[in-house]
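Notes follow once the structure below has been shown.
Ligands are counted one by one from 1 in listed order, and the atoms in each one are counted from 1 as well.
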Amino acid sequence: MFNELPFSQACENNKQPILEQLTKWLVNEQCVLEIGSGTGQHSVYFSEQLPHIRWQPSDQPIYLENIKRRIELAKLNNLQFPVALDVTKPWPTLNEQVHSVFTANTLHIMSKTMVEALFRGLGTLLEQSGCQLIIYGPFNYQGKYTSESNANFDALLAEQDSQRGIRDIEWVTQLASAQGFSLVDDVTMPANNRLLRFIRKTSK
Ligand SMILES: C[S@@+](CC[C@H](N)C(=O)[O-])C[C@H]1O[C@@H](n2cnc3c(N)ncnc32)[C@H](O)[C@@H]1O
């Protein structure tokens with residue numbers, strides 16, 4: 001018998017507000033790579049709601065089996081099986097050109113070194129001007145928390161692993177800029193989260 005699939009209540013809570021923005025930003029038919037798909041709930045929901053998008057989930061190898069099981073149950077033609085992608089290792093070769101990357105709740109889980117590796121990888125992957133990078137999660141502004149709950153969350157992250165933590169938007173924007181991406185949207189999301197959209201301005 002199968003074990004129950006891992007489930008994230010946060011994904012259930014944030015998927016609709018995220019979709020409202022993705023609907024505006026992912027208008028053209030294209031392949032979207034998701035980094036750190038986790039339970040695969042976002043992958044299933046967004047590919048179901050955006051049938052013109054070919055959704056490519058990915059995560060560290062240990063997560064792939066359960067994401068694959070969730071995808072098999074969903075039976076969606078535009079949702080690919082997940083690929084192994086650890087941002088600190090060589091990135092996989094994908095079947096098709098990726099035009100946008102989506103990643104949720106990953107930057108505070110990755111160490112700073114991993115976040116730097118993520119942006120280097122994105123700079124190579126999203127090489128054409130107009131490519132988009134969409135990031136969901138909590139961020140600090142001018143070194144300050146945006147809420148008490150984010151401050152508490154950050155303390156909890158540090159207890160789990162000293163390398164984890166809520167990132168400064170200025171640092172993230174700088175890393176993105178070094179790869180040719182500009183911040184074009186910063187949208188308020190429920191529970192003191194943000195949805196950031198970067199667009200690549202220059203081709204490599
Ligand atoms: C809090 S979970 C978020 C999962 C999902 N995106 C969501 O919103 O529920 C953090 C995710 O970051 C991924 N992650 C952490 N370090 C990573 C790395 N070095 N490379 C790729 N993904 C990583 C984890 O595997 C996990 O799926």
Check: every ligand 1 N/O to protein N/O pair under 3.5 Å:
{"from": "ligand 1", "atom 1": "6 (N)", "to": "G36", "atom 2": "O", "distance (Å)": "2.7"}
{"from": "ligand 1", "atom 1": "6 (N)", "to": "A104", "atom 2": "O", "distance (Å)": "2.9"}
{"from": "ligand 1", "atom 1": "8 (O)", "to": "A104", "atom 2": "O", "distance (Å)": "3.4"}
{"from": "ligand 1", "atom 1": "19 (N)", "to": "D86", "atom 2": "OD1", "distance (Å)": "3.1"}
{"from": "ligand 1", "atom 1": "20 (N)", "to": "V87", "atom 2": "N", "distance (Å)": "3.0"}
{"from": "ligand 1", "atom 1": "25 (O)", "to": "D59", "atom 2": "OD1", "distance (Å)": "2.6"}
{"from": "ligand 1", "atom 1": "25 (O)", "to": "Q60", "atom 2": "NE2", "distance (Å)": "2.9"}
{"from": "ligand 1", "atom 1": "27 (O)", "to": "G38", "atom 2": "N", "distance (Å)": "3.4"}
{"from": "ligand 1", "atom 1": "27 (O)", "to": "D59", "atom 2": "OD1", "distance (Å)": "3.4"}
{"from": "ligand 1", "atom 1": "27 (O)", "to": "D59", "atom 2": "OD2", "distance (Å)": "2.5"}

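By the side-chain hydrogen bond (donor to acceptor under 3.5 Å, both in side chains) test, Q56 is found to be paired with no residue, residues two or more places apart in sequence or in another chain being considered. Residues passing the side-chain hydrogen bond (donor to acceptor under 3.5 Å, both in side chains) test with Q160 are R164, sequence neighbours excluded. Take K68 and apply the side-chain hydrogen bond (donor to acceptor under 3.5 Å, both in side chains) test, not counting sequence neighbours, and it matches no residue.
A side-chain contact (heavy atoms from CB on, under 4.5 Å) with I134 holds for exactly one of R197, Q21, E34; it is R197.
Here the two rings, on Y136 and H42, have centers that are 6.0 Å apart or farther.
Dense packing is recorded around CG of D161, with more than 12 heavy atoms of other residues, nucleotides or ligands lying under 6.0 Å away.
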